[in-house]
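Every chain is numbered from 1 and lettered A, B, ... according to where its sequence line falls, protein lines coming before strand lines. All figures in this text were calculated on a predicted structure; none of them were measured in a lab.
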Number of protein chains: 2
Amino acid sequence: MQLKELSSRSGVSGASIKFYLREGLLPPGSTAASPRADYGEGHLRRLELIKTLRKVVRLGLDQIKAVTAGIEDPGLDDVALMGRVQALVLDLAEEPVPDHPLLAGLVGSGRWTDAPSQARNSLNLLLYRMDELGVPADAAVLAAYAQAVDQVAALDIGSVEQAGSRDDLAAAVAVGTHLYSQLLLKMLAVAQASRAMRG
Amino acid sequence: MQLKELSSRSGVSGASIKFYLREGLLPPGSTAASPRADYGEGHLRRLELIKTLRKVVRLGLDQIKAVTAGIEDPGLDDVALMGRVQALVLDLAEEPVPDHPLLAGLVGSGRWTDAPSQARNSLNLLLYRMDELGVPADAAVLAAYAQAVDQVAALDIGSVEQAGSRDDLAAAVAVGTHLYSQLLLKMLAVAQASRAMRG
DNA sequence: CGGATAGGATAGTGTAACTATCCCATATGG
DNA sequence: CCATATGGGATAGTTACACTATCCTATCCG
């Protein structure tokens, strides 16, 4: 398939496809047969992925590039890829952050594993940030949050049933992570509004 | 105080202050005494509010304008102002949305009040959106989320102890809403990562 | 063989949020 | 009382992001 057909089938303009090629989000088509590139189903899936990450998950092109780079990295297995996608969607921190006293308390109580993770780095960063902003997190609130999120985590939504490709896998994880985060926040807003109106 | 001093005291450039004046985020200074405007502590507080909403809460100028308009609207009492600020931070929907079957179920069970709210509109919008995207929310997950957020809502973090001004009130609500939302999400990520690593 | 692409290079568009320049009236210090 | 700095308005320029459009030449296909 050539550019025009890829464009009409994907709903992405030819100019944008060229742009994504330049940016390295979309791999070049095969030029084996002739100097005119030949695109396949993989390119179509990639464009769908890009559209989803842009419009649904609202990632920037840099973050999308990190996703597609992961998809194309054979040294990254599917589980690691899913971790990277989740980290990008949730804006988790790469670099290690020493534990905040409040988190140290939660971990010390045996609730969570002591292993470092990007999620933990980000939570520590946030707790320090709250201190700096003069809105330190309340220990009681933190304990309640911990209990609540443990219940939620026990459900293990993350079961993405077999995706056909790494592009689809990445899309499913990104969309699921994003939407269920939103769901939690909106439900909390409803619960709080409900309480406020009752009492 | 004149522009130069307002600028140095607030850390906002003179050009930006002029820009905020043009955009109507910052009220004009008094020109009663002389044609050179005189700014006061209120202008300083307003600039702090704008800085906080931009850098911490990451609102756009349009949303900030909605906040400042609310602050200056005498027909809006403090409670209504707090609601508006929260709605802007959480990106809640103004227009009514008919209940989604899943939410109707939760409300029907007596968990939450039946009264409409912006939070409820947004949740309904999200549930419909998830259906459209082919990722319908799972009833069991929703029930678990409901229980979790009810625990959290019971804490009632929203107690902003007396703010000195409506600007400070808006800033406190915006920052609190934003940071505690982030806290919930990051803690969920930690809980999930912890589970994943254990088993 | 000729009109329609492909692909590369380059430049333009629109939005958001500033930032810088000009200008002139005025205010203030010497 | 006058010169210079400053305020405020208007206007234009800048940066970042994500495209979008135009040119050009080589080439493919009917």
Side-chain angles (χ1 to χ4, degrees), chain A residues 1-40 42-44 46-69 88 91 174, chain B residues 1-40 42-44 46-69 88 91 174:
Chain A
M1 144 180 42
Q2 291 190 324
L3 196 138
K4 201 140 214 189
E5 190 184 346
L6 184 61
S7 168
S8 65
R9 281 228 269 160
S10 66
V12 177
S13 77
S16 292
I17 291 176
K18 282 192 188 183
F19 173 70
Y20 292 148
L21 284 166
R22 280 199 301 283
E23 295 292 309
L25 300 186
L26 187 64
S30 144
T31 49
S34 88
R36 336 272 303 232
D38 182 58
Y39 305 101
H43 292 89
L44 218 47
R46 174 59 52 87
L47 286 176
E48 283 307 317
L49 171 65
I50 294 172
K51 276 207 293 185
T52 300
L53 294 183
R54 287 278 310 128
K55 293 181 197 307
V56 178
V57 191
R58 307 191 155 274
L59 293 186
L61 290 196
D62 282 358
Q63 280 137 303
I64 296 178
K65 202 168 177 179
V67 172
T68 58
L88 284 163
D91 193 25
Chain B
M1 165 177 25
Q2 289 190 326
L3 195 138
K4 202 141 213 190
E5 189 183 347
L6 185 60
S7 168
S8 65
R9 280 228 269 162
S10 64
V12 176
S13 76
S16 292
I17 291 176
K18 282 190 186 182
F19 174 69
Y20 293 147
L21 284 166
R22 280 201 299 283
E23 295 293 310
L25 300 187
L26 188 64
S30 143
T31 49
S34 89
R36 338 271 305 233
D38 182 58
Y39 305 102
H43 292 89
L44 219 47
R46 175 58 54 85
L47 286 175
E48 283 305 317
L49 171 64
I50 294 172
K51 276 208 293 184
T52 300
L53 295 183
R54 286 278 310 125
K55 292 179 198 307
V56 178
V57 190
R58 306 191 154 274
L59 293 187
L61 290 196
D62 283 357
Q63 281 137 305
I64 296 179
K65 201 166 176 180
V67 172
T68 57
L88 284 164
D91 193 26

Exercise. Could you walk me through whether B:Arg46 and B:Leu25 pass the side-chain contact (heavy atoms from CB on, under 4.5 Å) test, one step at a time?
Key: CA-CA 8 Å; B:Arg46 175 58 54 85; B:Leu25 300 187; 5.7 Å; no
Practice problem: Determine, step by step, whether A:Leu6 and A:Leu3 satisfy the side-chain contact (heavy atoms from CB on, under 4.5 Å) criterion, reporting the C-alpha distance in whole Å, the side-chain angles of both residues, the deciding distance to 0.1 Å, and the verdict. | Solution: CA-CA 5 Å; A:Leu6 184 61; A:Leu3 196 138; 5.6 Å; no
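The A:Lys4 side chain lies nearest to C:dA6 when the options are C:dA6, D:dC19, D:dG8. Listed nucleotides D:dG8, C:dA6, D:dC19 differ in distance to B:Ala37; the shortest reach to its side chain belongs to D:dG8. The nucleotide whose nearest atom lies closest to any side-chain atom of A:Ala15 is, among D:dG7, D:dT20, C:dA6, D:dT20.
For the OP1/OP2 pair of D:dC19 and a distance below 4.0 Å, the side-chain nitrogens and oxygens of A:Arg54 include at least one atom meeting the criterion. Using a 4.0 Å cut-off, some side-chain N or O of B:Tyr39 falls inside it from OP1 or OP2 of D:dG8. Within the 4.0 Å cut-off from OP1 or OP2 of D:dC19, not a single side-chain nitrogen or oxygen of A:Ser16 is found.
If you find the closest nucleotide of DNA chain C to B:Ile50 and to B:Gln2, the one lying nearer the 5' end belongs to B:Ile50.
Regarding B:His43, its NE2 atom lies at a distance of 14 Å from the C1' atom of D:dG8, rounded to whole Å. Across the protein-nucleic acid pair, A:Arg22 atom CZ and C:dT10 atom C1' stand 9 Å apart, rounded to whole Å. The nearest whole Å value for the distance from the CG atom in A:Leu59 to the P atom in D:dA18 is 10 Å. Going from atom CD1 of B:Ile17 over to atom P of C:dA17 covers 18 Å, rounded to whole Å. A straight line from CD of B:Glu5 to C1' of D:dT6 spans 14 Å, rounded to a whole angstrom. Look at CD on A:Glu23: it is 13 Å from P on C:dA9, rounded to the nearest Å. Remark: C1' of D:dG8 and CZ of B:Phe19 are 16 Å apart, rounded to the nearest angstrom. Atom CG in A:Leu21 sits roughly 8 Å away from atom P in C:dG7 (whole-Å rounding).
Partner A:Arg54 forms a side chain to side chain contact (heavy atoms under 4.5 Å, CB included) with one of A:Leu59, A:Leu61, A:Leu49 and no other, that one being A:Leu61.
Distance alone, capped at 3.5 Å, is enough to place a donor-acceptor pair between the B:Lys51 side chain and the B:Ser10 backbone. Put simply, the side chain of A:Lys65 gets close to the backbone of A:Glu23: a donor and an acceptor are under 3.5 Å apart.
For D:dG7, the base has no donor-acceptor partner in the side chain of B:Lys18 [N/O atoms by modelled type, under 3.5 angstrom].
A:Gly14 comes within 4.0 angstrom of nothing in the nucleic acid, heavy atoms only.
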